[in-house]
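Only one structure is covered here, and it is reproduced in the block below.
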Amino acid sequence: MKLILIFALPLLLFTFVYIGLTGVDKKDQQLQRNVAEFLTMYNTTYPKLYAISSEADWKASTDVTDEHTGQQVGANGVLAAFQGNEYVINKCKEFLKQKDKLDALSRKQLETILRTAALYPGTIPDVVAARVEAESKQGAVLNSFEFHYEKPGEQANLVTPNQIDDILAKSTDLSERKHAWEVSKQSGVALKSGLVQLQTLRNRVATEMGYKSFFDLQVSDYEMSVDEMMKLMKEMNADLKPLYQQLHCWTKNQLAEKYHQLVPKKIPAHWLGNRWSQAWPGIVEGVDMDELFKDKKPEWFIQQAEKFYTSLGMKPLPKTFWEKSDLYELPADAKRKKNTHASAWHIDLQNDVRSLMSVKPDYNWFETTHHELGHIYYYIAYSNPDVPVTLRQGANRAFHEAIGDLIAIAAHQPKYLKEISVMPETMKIDQTKWLLNEALDNAVVFIPWSAGVMTHWEHDFYEEKLPADKLNERWWNYVGEFQGVEAPEHRSEEFCDAATKTHINDDPAQYYDYAMAFIIKYQLHMYIAKNILHEDPHNCNYYGNKQVGDWLMSILKLGATKDWREVIKEKTGEPISSKAMLEYFSPIMDYLKEQNKGKSVGWE
């Protein structure tokens with residue numbers, strides 16, 4: 001009897017363990033089936049509603065009318081209702097309680113769906129509906145706004161943003177520049193009340209899902225806290241500040257001489273060639289890139305940008321891109337009004353890709369067309385069966401801008417410009433001036449604007465619920481602190497100069513994406529130049545190099561299926577940092593210090 005018990009006991013224990021494990025296995029298998037069924041439902045329904053919403057957004061942006069705005073409100077409302085449906089929220093939360101038992105791809109999809117639901121939580125449908133309607137109306141005001149340029153004793157004329165930019169780019173008359181700059185701020189007055197309303201609505205949807213603010217919600221896309229993101233932005237500014245201060249000193253002395261003025265501590269905003277001082281073009285003598293493009297037709301710019309990508313081994317743009325895009329500038333008296341900000345669109349998360357531009361023959365649009373097609377080819381690359389529709393986006397939000405900007409770097413390389421016969425073979429390049437121009441026009445000066453002014457103002461706007469009577473004061477405090485720039489004269493709270501920037505209205509609490517993109521793009525570029533092309537990073541040529549194309553496609557085709565930090569580390573061998581950008585611009589630091597000897601550096 002004892003012998004029987006001795007042998008029976010292990011058998012009984014094995015049986016209990018086996019039954020227990022089988023039960024666990026069955027529960028896990030049922031969980032996997034439930035998740036798969038839910039994701040199939042979501043991934044089938046979502047792209048259909050997204051396509052309808054995108055088409056409505058497209059119409060509202062390319063032909064601004066009350067009818068199209070109404071259609072946009074309706075379509076966006078339906079999409080928002082689905083994305084924020086209580087069933088969707090509850091199911092994601094239920095499944096994610098057992099996320100350790102889910103495969104990485106399923107878990108990432110559920111987290112993405114839940115984060116998107118937080119933008120439109122069905123638990124507060126009235127607030128969501130009010131937000132959708134308010135954003136559509138704000139977009140209509142922004143896209144249809146008419147700028148009135150009035151000279152003393154003359155009737156006011158309507159001017160386009162491109163015409164304002166032309167004055168800031170070319171005029172040497174400070175009174176004309178000042179007036180053009182002030183005209184560019186007219187839209188802020190019209191947009192202020194709507195923006196204040198959106199502050200409340202956006203924060204309300206975020207807090208409903210447990211976020212501190214709308215800013216907190218948007219930062220969560222990086223799987224970072226607000227404090228971590230702000231720390232990174234501050235570090236970025238600190239890393240680049242010594243170089244920026246030298247650039248600032250050199251620039252204000254150059255401009256003071258040009259306009260026959262005393263050298264100021266801070267640069268007056270209307271002295272610079274950009275409405276927000278986020279880029280300082282046209283200051284470096286001998287680098288007038290517009291001359292190279294003045295005889296080109298607008299169509300050539302987009303065709304050449306496409307050739308760049310196909311030379312890397314990528315497929316030509318689909319026929320529908322050319323049929324459905326809106327690519328060229330409208331005349332000032334056009335009956336149709338459209339958003340003049342360049343953008344790329346992935347209408348159906350499949351093959352319907354489009355671009356909205358206002359191309360005209362200059363260097364800026366040469367870079368912009370290359371940049372925007374970077375987004376388009378990113379869309380095309382990750383629209384593949386290995387990437388679920390919910391993850392058909394950049395590795396993080398910044399990656400999309402990083403890829404577009406990376407190609408913009410490639411587009412202004414002298415070797416490329418000479419190969420496509422834009423720059424004469426005999427044309428000699430002063431590398432110091434060339435790099436200095438890049439730092440001023442498209443790189444270093446952008447960081448205090450993006451990681452500084454925009455990020456910190458939007459942080460305060462949502463995190464601190466910045467009141468309406470403090471919006472302009474806080475804005476200009478940050479412009480002075482980070483950029484060392486000041487308004488031509490005091491700007492009262494009648495104005496809302498922050499709202500003149502498109503992103504504040506229709507791409508809110510995300511501008512740090514651009515700062516992050518700048519760091520990423522230089523990290524990618526330095527890797528390509530040094531490890532694939534084995535060429536000088538300041539004069540290399542991606543054009544026609546299939547190895548570069550293959551390396552890029554290995555990133556693009558992933559979409560958001562992998563952690564962005566892993567992607568950067570895996571593809572460049574190093575974690576994200578400002579190191580590559582600082583290395584790229586290091587050759588001009590000694591030059592600037594020599595030029596600035598005996599001059600006051602800084603503006604504090």
Side-chain angles (χ1 to χ4, degrees), residues 145 147-152 159 161 163-169 171-192 195-196 237 244-245 247-249 251-256 258-283 440 445-458 460-461 466-505 511 600 602-604:
F145 189 81
F147 295 92
H148 292 81
Y149 188 94
E150 184 176 3
K151 292 182 180 180
V159 292
Q163 289 173 316
I164 294 172
D165 291 341
D166 281 343
I167 294 172
L168 294 177
S171 176
T172 56
D173 181 338
L174 282 181
S175 61
E176 182 182 34
R177 296 182 67 87
K178 179 175 177 287
H179 186 53
W181 182 89
E182 289 170 343
V183 168
S184 77
K185 304 303 173 191
Q186 290 173 352
S187 60
V189 179
L191 291 162
K192 182 176 180 178
L195 184 62
V196 171
N237 271 299
Y244 181 77
Q245 286 180 320
L247 287 165
H248 182 276
C249 177
T251 298
K252 68 184 179 182
N253 278 275
Q254 292 288 314
L255 293 177
K258 177 180 179 179
Y259 299 128
H260 308 291
Q261 302 291 311
L262 294 176
V263 178
K265 270 196 171 181
K266 295 176 182 174
I267 302 173
H270 66 298
W271 285 21
L272 296 163
N274 176 275
R275 284 173 270 164
W276 302 279
S277 306
Q278 68 182 66
W280 302 351
I283 297 171
L440 292 170
V445 301
F446 183 76
I447 298 302
W449 159 256
S450 55
V453 177
M454 285 289 284
T455 295
H456 283 74
W457 190 88
E458 288 201 285
D460 296 356
F461 186 64
L466 193 62
D469 62 354
K470 296 292 183 185
L471 301 185
N472 232 30
E473 178 186 1
R474 187 68 57 89
W475 176 258
W476 285 103
N477 283 345
Y478 281 141
V479 171
E481 176 186 346
F482 290 106
Q483 292 180 285
V485 171
E486 61 186 0
E489 56 189 43
H490 176 69
R491 303 285 292 174
S492 70
E493 293 301 329
E494 167 196 357
F495 305 103
C496 186
D497 294 328
T500 66
K501 189 64 180 171
T502 297
H503 306 72
I504 295 285
N505 302 283
Y511 209 81
S600 177
W603 54 86
E604 290 85 357

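Hydrogens, waters and symmetry mates play no part in the numbers below; they use all other heavy atoms, side chains included.
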Looking only at heavy atoms, the pair that brings C496 and L195 closest together is SG-CD2, 4.2 Å
Identify the two heavy atoms, one from Y511 and one from K501, that lie closest to each other, and give their separation to 0.1 Å. OH-CE, 3.7 Å
Side chain to side chain, L191 and T500, heavy atoms closer than 4.5 Å: no
Spacing of CZ belonging to R491 relative to CD belonging to E486, to within rounding of 0.5 Å: 13.5 Å
I need the single residue from W280, W181, Y259 that forms a ring-ring contact (aromatic ring centres under 6.0 Å, His included) with W271. Which is it? Y259
Considering non-hydrogen atoms only, spot the tightest contact between E176 and S171 and give its length. OE1-OG, 2.6 Å
I447/N237 under side chain to side chain contact (heavy atoms under 4.5 Å, CB included): CA gap, chis, key distance, verdict: CA-CA 7 Å; I447 298 302; N237 271 299; 4.0 Å; yes
Okay, side chain of H179, backbone of E150: is any donor-acceptor separation there less than 3.5 Å? yes
E493 and L471: side chain to side chain contact (heavy atoms under 4.5 Å, CB included), yes or no, with the steps? CA-CA 7 Å; E493 293 301 329; L471 301 185; 4.1 Å; yes
Could you please spell out the steps behind the side-chain hydrogen bond (donor to acceptor under 3.5 Å, both in side chains) verdict for S277 and Q483? CA-CA 8 Å; S277 306; Q483 292 180 285; 4.9 Å; no
What heavy-atom pair brings P488 and H270 nearest, and what distance separates the two atoms? CG-ND1, 3.3 Å
Taking it one step at a time, do K470 and D460 satisfy side chain to side chain contact (heavy atoms under 4.5 Å, CB included)? CA-CA 11 Å; K470 296 292 183 185; D460 296 356; over 6 Å; no
Is any side-chain heavy atom of Y478 closer than 4.5 Å to a side-chain heavy atom of M454? no
Could you name each residue pair satisfying side chain to side chain donor-acceptor pair (under 3.5 Å) that touches residues 182-192, not counting sequence neighbours? K178-E182
Nearest heavy-atom neighbours spanning N472 and D497: OD1-N, 2.9 Å
Decide side chain to side chain contact (heavy atoms under 4.5 Å, CB included) for I504 and F461; before the verdict, give the C-alpha distance in whole Å, the side-chain angles of both, and the deciding distance to 0.1 Å. CA-CA 10 Å; I504 295 285; F461 186 64; 6.0 Å; no
F147: partners by ring pair (Phe, Tyr, Trp, His ring centres under 6.0 Å), with sequence neighbours left out: F145
Shortest non-hydrogen contact between I283 and T251, atoms and distance: CD1-CG2, 3.5 Å
Euclidean distance, Q254 CD relative to C249 SG, rounded to 0.5 Å: 10.0 Å
Kindly compute the distance separating CG (D165) from CZ (R275), expressed to the nearest 0.5 Å. 4.0 Å
What is the distance from atom CG of L272 to atom CD1 of I267, rounded to the nearest 0.5 Å? 5.0 Å
Just by modelled atom types, is the A499 backbone N or O under 3.5 Å from a matching donor or acceptor in the N505 side chain? yes
Between R177 and A269, is there a donor-acceptor pair closer than 3.5 Å when you use the side chain of the first and the backbone of the second? no
Would you say the rings of W475 and W449 are close, in the sense that their centroids are separated by under 6.0 Å? yes
Using the six-membered ring wherever Trp is involved, compare the ring planes of H456 and F482 and label them parallel, tilted or perpendicular (cut-offs 30° and 60°). tilted
Check the orientation of W603 and H248. Use parallel for under 30°, tilted for 30 to 60°, and perpendicular for over 60°. tilted
